[in-house]
Every structure is written in structure tokens, then in C-alpha cells.
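Data block below; observations after.
Any value given below was found using the heavy atoms of this structure, including those in side chains, with hydrogens, waters and symmetry copies removed.
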Amino acid sequence: MQVRVGIESGFENRSLAYALDFPGCFAYGADDAEALLRIPQALLDYYAWIEKHTDTSWLPELGDFDVRLLEVWNTYYIDDTYDLNKDGWDINAWFRNDWKPLTMSEVRHGLAMLSWSRADLLGIVNDLSPAQLNKERPGERWDIAGILGHIANSELWYLDRLNQAPIRRAQLPPDPFERLALTRSYLERALPDLAGLDMVVGKNGEFWSPRKLLRRALWHEKDHIGHILRLILE
């Protein structure tokens, strides 16, 4: 089996490798080579995670697999005039694979994985006290409640990239748990209608497609689950 990989180089001063045919499977490294080397273990963990949640996995037999680097995206920064500017906002990865329309089966599998990652997230944070949720930590941009709000905000933002956001961010509820539930409901409602669409939208200097939206949404929540676990264990 061939595992096709795209790398986002320079993402937050490191490299992020995506297994392109396995949304939600990714690995970080200090550089591109290290991120690529970590994909095999990330894939094993991904298979174990899916098998933990379902008896009817759609994944192919793992067997021997060959990791192939297809593309490297070098992250860069632009300003309001779309000129390169290190003090602007970062332009994240667009891979050739992101051009491909999502199939309905990919949407169904994506929705299942989103539900599992959300259950994983809530299983970690539901029993935290207000003091734990709002504890400030040196060097961290957000407390845990802030991370939850950020996950919710990002899902609305992803939908907005495809002009699918039904409300503005200012209209979201202040409670992070209510916010999480609301933006996830919008994402779950939108994804089936995006299946089969040959849709690519350019917005604020980036390309977006339904496939990129799903790739980013699964990565983002799983990434912050790891982030929250690290904070709890400190």
C-alpha cells in the first residue's frame, strides 16, 4: 500500500506531514525529514484509533506500506494587499490533492471520525473544574476554555472559507461548550451537501475546497486534544 504524504513546511516553525488519503492522520517534525519519518507510527496509531471506535473499519489492510512524499508546501505570510510580509497572516497548505471533490463515502467516514474526536475531547474536559478550565499558564495563548472556544471558532471559520457559514463569529454563544456544539452542528449539516462538488474558493490569499476543509477540521481538533492533554499533565 502506498501512503501519499504532503508536508506543510514552516508551519509554526516546524513541519507538519499529512497522510493525504487518511484525513486525521498527521505527524510533526522539527523539519520535513523528521515529519516524514514519523508518518508510519502516526498511521499505526490512526488505524488503532479507528479500530477502537468501530468494528467495521473502511481502511484497507495495512500490511506493508510505502510512504511517498508527493508535495511540500512552504508556509508564507502576506498582508492586506496580498504582498509578502512576515508580520502578516500565514497562508497554510494547499496540496494538489485538495482539488479532488469529496465522495459521499469520504464524507460519511469524515463525519464518523469527527464524532469520535469530539467524544474524545469531551471525555477529557467534561469533568474539569472551572478553575482547571480557566487556569492561565505561562507561555500559552489560551487557557483550556480558550482552546475549546478556538476549536469552535475555527470550524465556523473553515465553513466561511467556502461561504458556508450561516452566522458570524460575533453571534456565537460565549460558553465554550455551547459554542463547540453549535459550530459542529453547522459543519455536520454542511458536509453532505459538499460531496461531489468541484468547488475551489480563493479567500484572503488562500485556496479552499471541501477536501481541505475536512482535512483541516480533523487535524485541528485532534491536534488540540493532544495540546489539552499536555496542559492537564503539566
Please tell me if the side chains of Arg137 and Ile144 come closer than 4.5 Å, counting only heavy atoms from C-beta onward. yes

Give, for atom CG of Leu156 and atom CD of Gln164, the distance between the pair rounded to the nearest 0.5 Å. 11.5 Å

What pair of heavy atoms forms the shortest contact from Leu114 to Leu214, and how long is it? CD1-CD1, 4.3 Å

Quick check: is Leu102 connected to Tyr186 through a chain of hydrophobic side chains (ILVMFWY, heavy atoms under 4.5 Å apart)? yes

Between CG of Leu59 and OG1 of Thr54, what distance do you get to the nearest 0.5 Å? 10.0 Å

Keeping Glu155 on the side-chain end and Leu187 on the backbone end, is there a donor-acceptor pair under 3.5 Å? no

Taking every heavy atom of Asn92 against every heavy atom of Thr75, the minimum-distance pair comes out as ND2-CG2, 4.4 Å

With a 4.5 Å limit on heavy-atom distance, are the side chains of Arg161 and Arg216 in contact? no

For Tyr28, does the six-membered ring have the charged nitrogen or CZ of Arg14 within the cation-pi criterion, i.e. under 6.0 angstrom from the centroid and within 45° of the normal? yes

Checking side-chain contact (heavy atoms from CB on, under 4.5 Å) for the pair His150/His227: CA distance, chi angles, key distance, verdict? CA-CA 12 Å; His150 168 66; His227 182 194; over 6 Å; no

For Trp89 and Asn204, what are the C-alpha separation, side-chain angles and deciding distance, and is it a side chain to side chain donor-acceptor pair (under 3.5 Å)? CA-CA 9 Å; Trp89 64 83; Asn204 300 124; over 6 Å; no

Write down the atom of Arg179, the atom of Ala152, and the distance for their closest heavy-atom approach. CG-CB, 3.3 Å

Same apolar cluster (I L V M F W Y, side chains within < 4.5 Å links), Trp219/Val72: yes

With the side chain counted from C-beta on, respond yes when Ser15 and Leu36 share a heavy-atom pair under 4.5 Å apart, and no when they do not. no

Could you go through the side-chain contact (heavy atoms from CB on, under 4.5 Å) check for Val107 and Leu194 one step at a time? CA-CA 8 Å; Val107 167; Leu194 297 174; 5.9 Å; no

Determine the interplanar angle of the His109 and Trp58 rings, folded into 0 to 90°, and report it as parallel if under 30°, tilted if 30 to 60°, perpendicular if over 60°. parallel

For Gln2, I'd like to know if atom CD has over 12 heavy atoms of other residues, nucleotides or ligands within 6.0 Å. yes

Working to the nearest 0.5 angstrom, can you tell me the gap between Asp143 CG and Ile228 CD1? 10.0 Å

Applying side-chain contact (heavy atoms from CB on, under 4.5 Å) to Arg38 and Glu34, what does each step give before you reach the verdict? CA-CA 6 Å; Arg38 289 182 174 176; Glu34 184 175 71; 3.7 Å; yes

Examine distances only and state if a side-chain atom of Gln132 and a backbone atom of Leu128 form a donor-acceptor pair shorter than 3.5 Å. no

From Phe65 atom CZ to Ile39 atom CD1, the distance as rounded to the nearest 0.5 Å: 9.5 Å

So Thr183 and Asn153, do their side chains get closer than 4.5 Å, heavy atoms only? no

So which heavy atom on Gly110 is nearest to which on Leu218, and how close? O-CD2, 4.3 Å

Hydrophobic cluster identity match, Leu20 and Leu37, side-chain contacts under 4.5 Å: no

Check: Leu182 and Ile167 side chains under 4.5 Å, non-hydrogen atoms: yes

Taking the side chain as every heavy atom from C-beta outward, state whether Glu8 and Tyr18 have any atom pair closer than 4.5 Å. yes

Distance-minimising heavy-atom pair for Met199 and Val201: CG-CG2, 4.0 Å

Ring centroid separation for Trp94 and Trp99, is it under 6.0 angstrom? yes

State, to 0.1 Å, how close Phe177 and Asp175 come at their nearest heavy-atom pair, and which atoms those are. N-OD2, 3.0 Å

Counting distance only, does the side-chain N/O of Lys212 pair as donor-acceptor with the main-chain N or O of Ala93 below 3.5 Å? yes

Flag yes if more than 12 heavy atoms outside Asp83 fall under 6.0 Å of its CG atom; otherwise flag no. yes

Is there a donor-acceptor pair under 3.5 Å between the side chain of Asp98 and the backbone N or O of Phe95? yes

Taking the inter-plane angle between the rings of His220 and His224 on a 0 to 90° scale, is it parallel (under 30°), tilted (30 to 60°) or perpendicular (over 60°)? perpendicular

When rounded to the nearest 0.5 angstrom, what distance separates OG in Ser154 from CG in Leu159? 11.0 Å

Output yes when a side-chain donor or acceptor of Asn126 lies under 3.5 Å from a complementary backbone atom of Leu122, and no otherwise. yes

Arg215 and Phe26: CA distance, side-chain angles, deciding distance, side-chain contact (heavy atoms from CB on, under 4.5 Å) verdict: CA-CA 10 Å; Arg215 170 171 65 80; Phe26 59 90; over 6 Å; no

Enclosure of Asp66 CG (heavy-atom neighbours >12, cutoff 6.0 Å): yes

Contact between Arg118 and Leu180 at the side-chain level, heavy atoms closer than 4.5 Å - yes or no? yes

Aromatic ring pairing His53/Trp116, orientation class (parallel under 30°, perpendicular over 60°, tilted between): parallel

Do the side chains of Met113 and Tyr158 join up, straight or via other hydrophobic residues, at under 4.5 Å, putting them in one cluster? yes

Atom CD of Glu61: over 12 foreign heavy atoms under 6.0 Å: no

Can you get from Met104 to Leu111 by hopping between Ile, Leu, Val, Met, Phe, Trp and Tyr side chains that sit under 4.5 Å apart? yes

I need the Ser209 OG to Leu162 CG distance, nearest 0.5 Å. 7.0 Å

Using only heavy-atom distances, determine whether the side chains of Asp32 and Ser9 contain a donor-acceptor pair under 3.5 Å. yes

Checking side-chain polar atoms at under 3.5 Å, does Asn163 have a donor or acceptor matched by the opposite partner on Lys203? yes

Arg211/Glu106 under salt bridge (charged side-chain N to carboxylate O under 4.0 Å, His left out): CA gap, chis, key distance, verdict: CA-CA 9 Å; Arg211 185 171 295 276; Glu106 287 175 320; 2.8 Å; yes

With ring centroids as reference points, do Phe207 and Trp73 lie under 6.0 angstrom apart? no

Is any side-chain heavy atom of Val5 closer than 4.5 Å to a side-chain heavy atom of Val67? yes

